Amino acid sequence: MVRPSHVGVSPAQNPHLLHLLQALNLSITTKSLLLTQQSHAQTYRLGLAHHSILATKLISAYSLCKLPSHSLLIFHSNNPKNAFLCNALINAYVDNLRYPDALTLFSQMGTQYDVSPDDYTMSALLKLAGELRDLVIGKSVHSWIAKTGFVSDSILMNSLMSMYRKCGSGSGFEDVRKVFDEMPQRTLSSWNLLISAYGVYGGSGFSGDVREIVERMRIEGVGLDGYTVSTLLPLCPAPSDGRRCDFGREIHCYVLRRNVGLGSADVHVCCCLIDMYSRAKNVVAAWNVFDGMSSRNIVAWTCMITGCVHNGLSEKALMLVRKMQVVDGIEPNAVSLISVLPACSSLCSFMEGKQIHAFAIRKEISYAMSLRNALIDMYAKCGSLDCARKVFDEDQHVRDSITWSLMIAAYGLHGDGDEAIYLFDNMLKLGIEPDNITIVGVLSACCRSGFLREGINIYKSLVMDFGISPTPEICSCVVDMLGRSGQLDRALEFINSMPFDPGANVWGALLDASIIHDNSEMRDLAHKFLTHLEPENPSNYISLSNVLASSGKWDAVIDIRSTMKDRGMNKLPGCSWISINSEMHSFYVADKNHPFSPLIYEVLDNLFLTIKESFPCFDNFDEDPLLGSCG
DNA sequence: TTAGGGTTAG
C-alpha cells in the first residue's frame, strides 16, 4: 500500500527534525508531559509545527499523557489530513475512552478529509469494538479485512482475535479459534491470544485441554515467552480442582531452563508463579519465587500478601505490609490493603485493622468502594458493628450490592436480625438487586435471631416475586431455620421438595437441628446421608459421637471412634482466641493451661449462674454435653 | 500509529 508522503523535508536532511523526532519518541516511551510540551514548543521555534510526522507523534504523546484534547488541537492545526494523523487521533480517543469521538472521526475520514481508512484504522476500530463489546462494529471490520485481503496481515488478524475474545458472541472460544485457524501466518502473539481466549471461555467449544495448545506450539517449534507463561499459569488447576497440578511446576521449570522473559527479573511471570503456587497451597514454593526476585513492585508484594492470607499465614501477611515499605520503600495501595484486611479478621486484630483504615484515610484512598467493603467486613468480624456501620454510612452513593450484603451479614453475625431485615428491605426499595450471597446473609440473620416467620416470608417472596432460583446454600438456610425452630418434619419435607439433590450442608443443618431438639430418628437419617456424602470428614462423626456419649451409649461411641481410627481420621480441636493489648490468647475446649484459668472459669461460672437465674429453662445447663466440659 | 500477561471485597 502506498502511504501518503509527509509534508516537509526528511529527517535525514534536517538534523533539527531528527532531534525532535528522537525527543518525541522519548516522550512517548516515558509518557512525559514535560518533554512532550518542550518538544511541542520546539516545533514552533524551528518552524516545524506543521510537519505531519511530528504532528502524528505529538498526537500520540499527548494521548499517552491523558490529554486527548491537546491531540485534537494538533490534529486541527495540520492540513491536509492524512491517514497517519487520523489514525493517531482515533487511537488517542480509543485509549482515552472517548469512543463516540473515535467513531465520529472515522466517519469523517472519507466524507470530510478525503482520507481512506487503512489497516491501522481497522486495528483501532477493533480495539474500540473490543472495549465496547460491540460485535456489530467488530464483524463489520472483519468483513472489511476479508474484502481487502488483509487476512495475511498477522498483526491485524491478532487484533481481530483480541476483539472476538473480548466481545464473545455465544460461540465463545470458537470464533477466536476460527480466526486463528484461518490465519496464513501466525506470530507468537496469535498463540498467546488463543490461550488467553481459552482462559476466558474455559475452553468451551474446544474438546481438549490447554496443554494440547502448548503441545501444538512445541510441535510447530514455537517457544513460550513471558506473555505465554503468564497467560498459562492462572489456568493451572489448584489441588482442590481434583486434577493434577504438575503443569504449573512444569511451566516453572521451563521458565528457569529457558530464562523466559528475564527469568527472576520478569515481575509479571514471577507474580503469576507466586499466585499459582499460593492457589496450589504450596506457600513455600511461592515464597521461594518471591525471595528470588531481583526486583519487586507493588503487585509482587501484594501477590505474596494474598498468598499468605489464603494459606492462613495472617501474621506473615501483616508483616509483609510493613516490610514492603521498609525494604523497598513501596507504599501499599488500595489493592494491597484489601488483600491484607482478611488477615486482621482472622486474627480478630481490631487495632491492626483500624491502623490500616487510618492509613487509607491519610493516603486518601479510603473512598474506594472495594476497600470500604473490605473494611466493613473486617470491622464486623473483629467485633465492631459500630465501626462497620460508620464505614457503611460514610457515603450512601458509594455502595454496591456487596456493601449491602456485607452490612446485612454483619448484623446477622451480631444477632441483630431486625436491623438485617430492615437493611434488606431498604436495599430492595432502592432497586438494588440482591444476589445469592445477600439472600444467604439475610436468611442466616433470621435464623440466628430465631425469626422463622420473617425468614420464610423473605424466602417465599424472593422465589415468587423475584423469580430467584434457590441455590443449595439458600436451601440450607431454610432447613437450618426450620430445624432450629423445632420444625424437623417440615425441614425434611422441604429437603424432599428441593429441585436438586441435597448436599452435605443441608444434611448438616438437619443433623445439628435434630441434636438440639433430641430427635434421634431424624439425627440418624441426617447422619447416614452426611457420612455417605462426606465419608472422610471427621466433624460428621465427632458431632454424633458427642451426642451418643452424653446419653451413655458407649458401645455406639466406641464403634464410631474405631471407624474413625480405621480410616485414619483426625480432627483438630476447635480453638478460640482473643487479642488483648496486642497479645494473642488462645483456648481449646476445657483448656486450663492459661495462667488466668482459675479467674476465667470463676467469671464463667458466675455467668452461668446469672443465665440460670434469668432463664429457669436452662436448669440442666451444666449437664449439657456441649457445655458441661466448661465447668 | 495497530495485538497479548500479574495483585483486590461478601
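Note that this is a predicted model, so its numbers are computed, not measured.
- Ring centers of A:F75 and A:Y93: at least 6.0 Å apart, outside the cut-off.
- Contact annotation for A:R165: backbone-only contact, meaning every heavy-atom pair under 4.0 Å involves sugar-phosphate atoms and none involves a base.
- Note on A:L406: only backbone sugar-phosphate atoms sit closer than 4.0 angstrom, heavy atoms only; bases stay farther off.
- A straight line from CE of A:M183 to P of B:dG4 spans 13 Å, rounded to a whole angstrom.
- Checked options A:L188, A:D266, A:T231; the residue passing with A:D225 is A:L188 (criterion: side chain to side chain contact (heavy atoms under 4.5 Å, CB included)).
- When heavy atoms are screened at a 4.0 angstrom cut-off, A:S370 is found touching base atoms of the nucleic acid.
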Give every donor-acceptor pair under 3.5 Å between a side-chain atom in residues 62-70 of chain A and any protein atom, sequence neighbours left out.
from  : atom 1 : to    : atom 2 : distance (Å)
A:Y62 : OH     : A:H40 : ND1    : 2.9
A:S63 : OG     : A:N96 : ND2    : 3.2

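- For the pair A:I251 CD1 and B:dG5 P, the computed distance is 16 Å after rounding to whole Å.
- Applying a 4.0 Å cut-off to non-hydrogen atoms, none of the residues of residues 64-77 of chain A approaches DNA chain B.
- For A:F392 and A:W404, the distance between ring centers is under 6.0 angstrom.
- Between B:dT1 and A:K57, a contact under 4.0 Å exists linking OP1 or OP2 to a side-chain N or O.
- Residue-level contact check: A:S339 touches the backbone only, with heavy atoms under 4.0 Å from sugar-phosphate atoms and none from bases.
- Among the heavy atoms of the strands, none lies under 4.0 Å from A:S190.
- At a threshold of 4.0 angstrom between heavy atoms, the contacts of A:D95 with the nucleic acid are absent.
- Straight-line distance from the CZ atom of A:F290 to the C1' atom of B:dT7: 12 Å, rounded to whole Å.
- Checked against the 6.0 Å centroid criterion, the rings of A:F150 and A:W144 qualify as a close aromatic pair.
- Rounded to whole angstrom, the span from the CE atom of A:M407 across to the P atom of B:dA9 amounts to 20 Å.
- Contact annotation for A:T438: base contact, defined as any heavy-atom pair under 4.0 Å involving a base atom.
- If you take OH of A:Y62 and C1' of B:dT1, they are 18 Å apart, rounded to a whole angstrom.
- Of all nucleotides listed (B:dG5, B:dA3, B:dG10), B:dG10 comes nearest to the side chain of A:S405.
- Note on A:D435: a base of the nucleic acid sits closer than 4.0 angstrom, heavy atoms only.
- Whole-Å rounding puts the A:I338 CD1 to B:dT8 C1' distance at 4 Å.
- Counting non-hydrogen atoms under 4.0 angstrom, A:D225 reaches a base of the nucleic acid.
- With rounding to the nearest 0.5 angstrom, the CG atom of A:L128 is 13.0 Å from the CZ atom of A:R98.
- Among residues at least two apart or in separate chains, salt bridge (charged side-chain N to carboxylate O under 4.0 Å, His left out) pairs with a member in residues 69-97 of chain A are A:D95-A:K127.
- Residues from residues 297-312 of chain A lying near DNA chain B, meaning a heavy-atom separation below 4.0 Å, are A:N297, A:V299, A:T302, A:C303, A:T306 in numerical order.
- Note on A:L193: only backbone sugar-phosphate atoms sit closer than 4.0 angstrom, heavy atoms only; bases stay farther off.
- Look at A:D393 and A:R399 and you find a salt bridge, because one of the NZ, NE, NH1 or NH2 atoms lies within 4.0 Å of a carboxylate O, short of that distance.
- Side-chain atoms of A:D266 and base atoms of B:dG5 include a donor and an acceptor less than 3.5 Å apart.
- In terms of polar N and O atoms assigned as donor or acceptor, the side chain of A:S159 never comes within less than 3.5 Å of the base of B:dA3 in a complementary pairing.
- Taking A:E394 as the reference, nothing meets the side-chain hydrogen bond (donor to acceptor under 3.5 Å, both in side chains) condition, with sequence neighbours excluded.
- With B:dT1, B:dG5, B:dG6 as the candidates, the nucleotide lying closest to the side chain of A:C271 is B:dG6.
- OP1 or OP2 of B:dA3 has not a single side-chain nitrogen or oxygen of A:K166 nearer than 4.0 Å.
- In this structure, A:H268 counts as stacked on the base of B:dG5 under the 5.5 Å centre distance and 30° plane angle limits.
- Of the side-chain N and O atoms in A:R296, none sit less than 4.0 angstrom from OP1 or OP2 of B:dG6.
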Taking only distance into account, with no hydrogens and no angle test, what donor-acceptor pairs under 3.5 Å do side-chain atoms of residues 368-376 of chain A form with protein atoms, sequence neighbours excluded?
from   : atom 1 : to     : atom 2 : distance (Å)
A:R372 : NH2    : A:V391 : O      : 2.7
A:N373 : OD1    : A:T403 : OG1    : 2.8
A:N373 : ND2    : A:D400 : OD1    : 3.2

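- Residue A:I402 has its side chain nearest to B:dA9 when only B:dA9, B:dG4, B:dT2 are considered.
- Counted within 6.0 Å of CD on A:E220, heavy atoms from surrounding residues, nucleotides or ligands total more than 12; the atom is thus considered enclosed.
- Between A:I437 atom CD1 and B:dG10 atom C1' the separation is 5 Å, expressed in whole Å.
- Between A:D153 atom CG and B:dT2 atom C1' the separation is 8 Å, expressed in whole Å.
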